[in-house]
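Values below: all heavy atoms of this structure, side chains included; hydrogens, waters and symmetry mates excluded. Here the structure is a predicted model, which is why all the values come from computation and not from measurement. Numbers here simply count residues along the sequence, with the first being 1.
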Amino acid sequence: MSEPEDSERPRRQYGFSAFKGRRLAPLVGPWVSSAIFAALVYYAERTMPALHDVAGLVYWLLLAIVAIATMRWLRVRGGDRRETDRRQSR
């Protein structure tokens with residue numbers, strides 16, 4: 001017998017169902033790097049108290065970066081994006 005066509009094969013789901021098959025790597029990277037940078041800023045602030053005002057701005061900047069990265073990761077995706085692929089082999 002012949003192999004079923006690609007359209008007949010069930011698609012394999014990856015990841016947790018709560019994340020709708022999304023990988024966590026794009027989300028973990030900004031979170032971990034921001035936490036490390038925030039720890040370095042905290043250490044510098046404790047070592048040199050004159051940096052207290054600047055540290056507050058850096059914390060807000062890191063929070064904005066993490067929030068934007070998280071929102072981009074969580075954005076709603078409508079359906080299967082590969083459905084209308086121009087490069088389909090026929």
Side-chain angles (χ1 to χ4, degrees):
M1 296 224 127
S2 64
E3 294 276 329
E5 291 187 24
D6 288 337
S7 62
E8 295 175 7
R9 288 185 186 158
R11 290 213 171 131
R12 193 169 171 188
Q13 298 293 326
Y14 295 102
F16 299 107
S17 62
F19 298 138
K20 298 182 181 174
R22 297 179 185 159
R23 297 178 311 127
L24 286 176
L27 185 62
V28 171
W31 276 87
V32 170
S33 61
S34 294
I36 291 170
F37 194 71
L40 291 172
V41 169
Y42 179 78
Y43 174 74
E45 181 185 6
R46 287 291 164 197
T47 307
M48 297 174 276
L51 294 178
H52 177 71
D53 293 335
V54 176
L57 294 173
V58 172
Y59 292 143
W60 279 108
L61 181 67
L62 288 174
L63 182 66
I65 290 171
V66 167
I68 290 170
T70 303
M71 295 305 268
R72 285 182 52 103
W73 187 80
L74 288 174
R75 75 181 185 271
V76 176
R77 296 183 180 185
D80 186 15
R81 295 181 295 162
R82 296 184 186 122
E83 215 170 79
T84 58
D85 192 6
R86 293 179 290 136
R87 298 168 286 170
Q88 292 180 351
S89 60
R90 290 186 184 213

Given the rule that I, L, V, M, F, W and Y join up when any side-chain heavy atoms are under 4.5 Å apart, are Leu51 and Trp60 in one cluster?
-> no
Going hydrophobic residue to hydrophobic residue with side-chain gaps under 4.5 angstrom, can you get from Phe37 over to Val54?
-> yes
List the atom of Ala55, the atom of Val41, and the distance in Å for their closest heavy-atom pair.
-> CB-CG1, 3.8 Å
If Ile, Leu, Val, Met, Phe, Trp and Tyr residues are connected whenever their side-chain heavy atoms lie under 4.5 Å apart, and connections chain through other members, are Tyr43 and Leu61 in the same group?
-> no
With hydrophobic residues grouped by side-chain heavy-atom distances under 4.5 Å, do Leu24 and Val66 end up in a single group?
-> yes
Do the side chains of Leu27 and Leu74 join up, straight or via other hydrophobic residues, at under 4.5 Å, putting them in one cluster?
-> yes
Does Asp53 reach the side chain of Leu57, with side-chain heavy atoms less than 4.5 Å apart?
-> no
In terms of heavy-atom contacts, does OH of Tyr59 have more than 12 from other residues, nucleotides or ligands at under 6.0 Å?
-> yes
To the nearest 0.5 Å, tell me how far Ile68 CD1 sits from Leu63 CG.
-> 10.0 Å
Check whether any side-chain N or O of Ser34 sits under 3.5 Å from a backbone N or O of Trp31 as a donor-acceptor pair, and report yes or no.
-> no
